[in-house]
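Taking it in order: structure first as C-alpha cells, then the write-up.
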Amino acid sequence: MRIVIVGAGLVAANAVEELRRRGHDESIVVFGDEPHLPYNRPPLSKDYLLGKEDEASIFVHDAQWYGDASVDLRLGTRVASIDLDRRQVHAGTESVGYDRLLVCTGASPRRLRDADDHAGAVAYLRTLEDSRALRTGFRPGARILVVGAGWIGLEVAAAARMAGAKVTVVENADLPLLGVLGPEVATVFADLHRSHGVDLRLGVSITSFTTSDHGSRTSVVRLDDCSEVVADLVVVGIGVSPNDDLARAAGLLVDNGILVDERLQTSDPHVYAAGDVANQRHPVLERRIRVEHWDTAVEQGKAAARSMLGGAEPYARLPYFFTDQYDVGMEYLGNVGPDGYDEVIVRGDRGARFTAFWLKDGRVRAGMHVNDWDALGQIRSIVGTTVAPDLLRDESTDLAAVSARS
C-alpha cells in the first residue's frame, strides 16, 4: 500500500514515524512546498525567535532519519492537483499514485492588504524564513508595531521587548485574547505586557498606513482615535486561513478547512486530512472544530497514520496549547465553543500562579494554568466533567480532590 503525504510539516513527520512504528514497510512519499525538513513551528515565535535555540534544534528529525526510514521526501515541490478518480497526485510533470493520501497542507497568515500595499517594512510569522527575518529586525531601540493581540502577536511582542525594541500592539478588541479567555483572564495578559513596557492600544482600529518619505521603510500608522504610531517594522498577526484550495479543487468537501470525520477521513474514503487544515467532527465536543496548535498537529499526524492502516479508533483528544511570554508560562486544555460559558473560576494569584476553569451548565469546558506546572494532569482529569462549582471555588480543596470527585 503506497501512502502519499501532501505537506511536509509536523503532521507529516509524526505520521511517517507512526506508520513505520506500526510496521508499514511499503512506499511513503512526502511532498513539501518548503525546502526544509519538517520542523516545529512553536520555536519560531518563542525560543528560536528569542535566540535561545539554534536552528538545528527545531527540526523533528535529521535527513538521515528519513533516509533510514526509506521515506521519499520531496522538498521544495509544490503539488499542483489531486486526481481522486485515478488516485494520483500531480507535481510538476510527474504523477504519483497512492492507495491512501494524507493532506496536511497547514494554514497561511491572513494578509493585511493595506499594510502590504502602503506601509514600509511589513512582516508575517509562519515560516523559518519569517522568524529569521524578525530576529534581524528585533534590535535595541527598533520601533515595532504588532497588529493583533492574539497568541502569535503577544509572543512576538514579548520577543521584541526582550530584544530591547520599543513595542506597540494595536488590537480591535478591548483586551488581548478576549475571544479565547474572556475578560476574567484576558486582563492578566494585558497587565503582563504593560508591566514589560509594551504600549497596548486596545479597542482601536487602523485607518491608514503611509510611509514617512517616498520609498521609506518607516511606516506612519494612523488609528481611529486620531493617534499615530511610527514603526520601523510592522508585524501583522491577525490569524491564519486553512490551505484547503488544493482539496477544494480536487472535489473534497471543504468548509473552513477540509471536512473530516472522527477518524480524520475526508469525503473520499482513500483520503485523510490532519493538522491546521482539518475541520474535524470531534466525538467528545460533539461539533466540528479546526485547531491550529502544535499538539494537534503531532497527535493528529499519529492518529491519521493509524486510520490509514485500518484503525477504527476516533481522534478524541481535547485541544491543547501553550505559550511562553516573559516569565509567564501557560497551558490551556479544552474548548469553550460557540455557546460560551456561564462563569470562570480562578484559583490562586492572578499576578503570579493560578488555575482557571470555564464552566457551562456545571460542565467544565476548558481549563488552564499559569506557572503551575504540576496542575496540567489534574486539569486534564477535570475538563469535560460535571463538577459542583462550589467545590471548585473552594481553594482549600486541592485540585487532586476535585479531580477525584469529578
Side-chain angles (χ1 to χ4, degrees), residues 44-46 49-51 109-112 114-116 118-125 130-131 133-213 216-239 323-330 350-352 370:
L44 302 185
S45 61
K46 298 180 177 72
L49 184 57
L50 289 165
R110 294 193 182 104
R111 310 294 298 196
L112 188 55
D114 196 25
D116 292 345
H118 302 293
V122 180
Y124 296 81
L125 179 55
D130 294 337
S131 191
L134 288 181
R135 284 179 66 162
T136 301
F138 290 176
R139 59 187 185 278
R143 297 167 296 183
I144 308 297
L145 171 64
V146 179
V147 182
W151 296 115
I152 290 295
L154 293 185
E155 288 178 0
V156 166
R161 280 297 297 140
M162 293 174 76
K166 300 176 181 177
V167 179
T168 302
V169 175
V170 174
E171 167 60 50
N172 289 332
D174 292 333
L175 286 167
L177 304 169
L178 184 60
V180 179
L181 302 179
E184 300 88 348
V185 180
T187 53
V188 171
F189 288 89
D191 294 343
L192 173 68
H193 281 268
R194 286 189 174 120
S195 72
H196 284 83
V198 174
D199 181 5
L200 281 182
R201 307 286 185 94
L202 303 174
V204 296
S205 300
I206 294 171
T207 58
S208 68
F209 293 88
T210 57
T211 55
S212 56
D213 294 297
S216 172
R217 301 281 287 171
T218 301
S219 299
V220 178
V221 184
R222 293 180 174 84
L223 309 180
D224 62 3
D225 63 359
C226 299
S227 65
E228 288 185 350
V229 179
V230 178
D232 301 307
L233 176 64
V234 176
V235 185
V236 179
I238 54 174
T323 189
D324 296 302
Q325 299 170 34
Y326 311 109
D327 55 351
V328 167
M330 182 277 285
R350 298 184 200 217
V370 168

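Looking only at side-chain heavy atoms (C-beta outward), V147 and I206 come within less than 4.5 Å of each other.
Under the salt bridge (Lys or Arg N to Asp or Glu O under 4.0 Å) criterion, D232 pairs with R143, not counting sequence neighbours. For R194, there are no salt bridge (Lys or Arg N to Asp or Glu O under 4.0 Å) partners, not counting sequence neighbours. Not a single salt bridge (Lys or Arg N to Asp or Glu O under 4.0 Å) links K166 to another residue, sequence neighbours left out. Taking D327 as the reference, nothing meets the side chain to side chain donor-acceptor pair (under 3.5 Å) condition, with sequence neighbours excluded. Shown here are the salt bridge (Lys or Arg N to Asp or Glu O under 4.0 Å) partners of D199, two or more places apart in sequence or in another chain: R201.
Atom-to-atom distance recorded for L44:CG and D130:CG is 8.0 Å, nearest 0.5 angstrom. In this structure, OH in Y326 is found 11.5 Å from CZ in F189, a value given to the nearest 0.5 Å. Taking CG of L223 as the reference point, atom OG1 of T207 lies at 6.5 Å (rounded to 0.5 Å). For the atom pair CG (L192) and CE (M330), the distance works out to 11.0 Å, reported to the nearest 0.5 Å. Here the straight-line distance linking atom OH of Y124 with atom CG of L112 works out to 5.5 Å at 0.5 Å rounding. Residue R350 holds its CZ atom at 6.0 Å from OG1 of T187, rounded to the nearest 0.5 Å.
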Test log, rule side chain to side chain contact (heavy atoms under 4.5 Å, CB included), inputs F138 and L233: CA-CA 9 Å; F138 290 176; L233 176 64; 4.2 Å; yes
Show, in sequence, the C-alpha distance, side-chain angles and deciding distance for H193 and Q325, and conclude whether the side chain to side chain contact (heavy atoms under 4.5 Å, CB included) test is met. CA-CA 9 Å; H193 281 268; Q325 299 170 34; 2.7 Å; yes
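Here the shortest heavy-atom pairing between L202 and D174 reads CD1-O, 3.3 Å. Counting all heavy atoms, side chain and backbone alike, L145 lies closest to A231 at CB-CB, 3.7 Å. Smallest separation of non-hydrogen atoms from V122 and A115: CG2-O, 3.5 Å. Taking both residues in full, the closest heavy atoms of L134 and A123 are given as CD2-CB, 3.8 Å, listed atom of the first, atom of the second, then distance. Smallest separation of non-hydrogen atoms from A119 and S219: CB-OG, 3.4 Å. Annotation for R110 and V236: closest pair O-CG1, 4.3 Å, computed over non-hydrogen atoms.
Side chain of R139 to backbone of G137: a donor-acceptor contact under 3.5 angstrom is found.
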Could you give the side-chain donor-acceptor pairs of residues 153-163 under 3.5 Å, partners two or more places apart or in another chain?
from: E155; atom 1: OE1; to: S45; atom 2: OG; distance (Å): 2.5
from: E155; atom 1: OE1; to: K46; atom 2: NZ; distance (Å): 3.3
from: E155; atom 1: OE2; to: K46; atom 2: NZ; distance (Å): 3.0
from: E155; atom 1: OE2; to: T323; atom 2: OG1; distance (Å): 2.5
from: R161; atom 1: NE; to: H196; atom 2: O; distance (Å): 2.8
from: R161; atom 1: NH1; to: A165; atom 2: O; distance (Å): 2.7
from: R161; atom 1: NH2; to: H196; atom 2: O; distance (Å): 3.2

